[in-house]
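Every heavy atom of this structure was used, including side-chain atoms; hydrogens, water molecules and symmetry mates were not. When a ligand or atom number is given, it counts from 1 through the structure's own listing order.
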Amino acid sequence: MLSLNFIRENQQVVERAIADKNVSLDLGALLALDTAVRSMKGEVDELRRQRNAISDSFKTADPADRPTLGAKAKEFGARAAAIETELAENSAALDALMLRLPNIPWAGAPVGPDESANVVVRTEGRLPEFDFEPRDHVALLEMNDWAELGRITQVSGSRTYCLKGRLALLEQALMFWAQQRLAGEGFSLMTVPALARPHAFVATGHFPGHEEEAYEIPKDDLYLAGTGEIALTSLHSGEILEADKLPILYAGYSPCFRREAGSAGRDVRGLLRVHQFYKLEQYVICEDDDAVSAEWHGRLLANAEGLLRDLEIPYQVIEASTGDMGLGKFRMNDIESWVPSLGKYRETHSCSTLHDWQARRANLRWRDGDRKVRFVHTLNNTALASPRILVPLLENHQLADGRVRLPKALQGLMGGEYL
Ligand SMILES: Nc1ncnc2c1ncn2[C@@H]1O[C@H](COS(=O)(=O)NC(=O)[C@@H](N)CO)[C@@H](O)[C@H]1O
């Protein structure tokens, strides 16, 4: 969310962001509501003041004047109440529009309608050269009995899976390894619930707008989150964080649930796009200083790139366009990992800076050195998300006989050179 002051003073900038992020929002209507709400508040206050003045004069008034005074006070009270009803409606309408306002994207974001406008900013790692026809990850899973992809769908529906044997162990080893790495970078490890209240989805910006993507638990007024970001963003809602507590660095491990409502027909085979997966999330709450959050953006990206380098997975870093980055982002860099069987890079990480857009929605604030209370900046990036990361991991390191050679960084943990 943006502040009303910012919107009033930067209408063109906000209009530009609305256009560049493909948001259908009538800023004029929002500003008209803002004006109406402010004038109505002024009217109610004035009526209240006048009514109180009459009430105060009542005691010392001439008894003969009291009926007239009483009637006047009543009339002012009735008019104030009538305005307050309309004021409440206008305020609710204004709040609803405020939640739909995009954050202002950074000046370096490619302007475009969707991912087609994204730009590759860096390509790392040498693509594997196979002297055999490389198998896709599903074939590798089947020939090594590393997953159950068939019968389980009769139990749990489409886009579900079981990992088996050494691959199930590898997923645990990967998450353990990545958590050790992030702990070494000063992140506090946390397991995070997928269960979350609707307000937590509003705080991150998933709601309103993406309700369809979340599994709902109506009996308990809960939803299942698609990312640990949702619980982590609202964990400190309402607190005023002391300056010496910042930056807060969380490495949040959670199950993630996504209905993938809009993905019919995409990635239907295997592990790329499933309803339930596990993610280790890098999450930062820092002071609202653009240079400080830009520095954290770079570090979150570097952490993820370091993991991919040690997994010996070739990847590329993407600068997301204004149309692809999403409503709340100031900046988003995706990392795409090479998938040999597809002959292309596929997103495995997404690194975002949101400035105070989430903080305003989550009421996340801190007290600066001058004791002034301000909204914080929030950032998040994937550290590892499994089973998707297993797809490039298995395919890039496969041998002609279907075995998979483990990256050196995992051989100790997994007790051998091969999965
Ligand atoms: N349906 C899915 N199945 C498997 N993995 C998924 C699915 N959806 C997302 N992911 C993984 O989760 C990563 C992060 O998802 S994201 O929506 O892009 N971004 C976030 O959730 C942010 N909180 C950063 O992690 C993706 O890059 C991908 O690796």
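With ligand atoms numbered from 1 in the order given, ligand 1 contributes 22 (C), 23 (N), 24 (C) to contacts under 4.0 Å with heavy atoms of N380. Listed by number with element, the atoms of ligand 1 under 4.0 angstrom from any heavy atom of E260 are 1 (N), 2 (C), 8 (N). Each of the following atoms of ligand 1 lies closer than 4.0 Å to a heavy atom of L272: 3 (N), 4 (C), 5 (N). Close contacts between ligand 1 and S350 involve ligand atoms 18 (O), 19 (N), 24 (C) [criterion: under 4.0 Å to a heavy atom]. In summary, the atoms of ligand 1 found under 4.0 Å from a heavy atom of E229, numbered by their order in the structure, are 22 (C), 23 (N). Per-residue contacts place A385 under 4.0 angstrom from the following atoms of ligand 1 (heavy atoms of the residue considered): 11 (C), 12 (O), 29 (O). Listed by number with element, the atoms of ligand 1 under 4.0 angstrom from any heavy atom of H349 are 27 (O). Per-residue contacts place T382 under 4.0 angstrom from the following atoms of ligand 1 (heavy atoms of the residue considered): 13 (C), 14 (C), 24 (C), 25 (O).
With hydrogens left out, the protein atom closest to atom 7 (C) of ligand 1 is F277 CE2, 3.4 Å, a heavy atom. For atom 16 (S) of ligand 1, the closest heavy atom belonging to the protein is R258 NH2, 3.8 Å. Nearest non-hydrogen protein atom to atom 28 (C) of ligand 1 is R388 NH1, 3.5 Å. From the protein, the heavy atom lying nearest to atom 29 (O) of ligand 1 is T348 O, 2.9 Å. For atom 23 (N) of ligand 1, the closest heavy atom belonging to the protein is E281 OE2, 2.5 Å. Of the protein's heavy atoms, E347 OE2, 3.1 Å lies nearest to atom 26 (C) of ligand 1.
A side-chain N or O of K279 and one of T227 form a donor-acceptor pair less than 3.5 Å apart. Between the side chains of E229 and T204, no donor-acceptor pair of N or O atoms lies under 3.5 Å. A side-chain donor-acceptor contact under 3.5 Å links R8 and N5. Judged by distance alone, the side chains of Q282 and N380 never bring a donor and an acceptor atom under 3.5 Å apart.
Ring planes of W296 and F187: perpendicular class, angle over 60° (limits at 30 and 60°). Aromatic ring pairs are classed by plane angle as parallel below 30°, tilted from 30° to 60° and perpendicular above 60°; the pair H236 and Y250 is parallel.
The shortest N or O to N or O distance between P387 and ligand 1 is not below 3.5 Å. Considering backbone and side-chain atoms together, R273 places no N or O closer than 3.5 Å to any N or O of ligand 1. Considering backbone and side-chain atoms together, N381 places no N or O closer than 3.5 Å to any N or O of ligand 1.
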| query | What do the steps show when you test F201 against F207 for ring pair (Phe, Tyr, Trp, His ring centres under 6.0 Å), and what is the final call? | reply | CA-CA 5 Å; F201 290 77; F207 295 178; 4.6 Å; yes

| message | Pair E46, R51 - check salt bridge (charged side-chain N to carboxylate O under 4.0 Å, His left out), show working. | response | CA-CA 9 Å; E46 180 51 23; R51 191 193 59 179; over 6 Å; no

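No donor-acceptor pair under 3.5 Å is formed between the side chain of R258 and the backbone N or O of E213. Although no hydrogens or angles enter the test, the distance criterion places a donor-acceptor pair under 3.5 Å between the side chain of K21 and the main chain of G326. Side-chain atoms of E211 come within 3.5 Å of backbone atoms of G209 as a donor-acceptor pair (strictly under, hydrogens ignored).
The backbone and the side chain of V274 each have at least one atom closer than 4.0 Å to an atom of ligand 1 (non-hydrogen atoms only).
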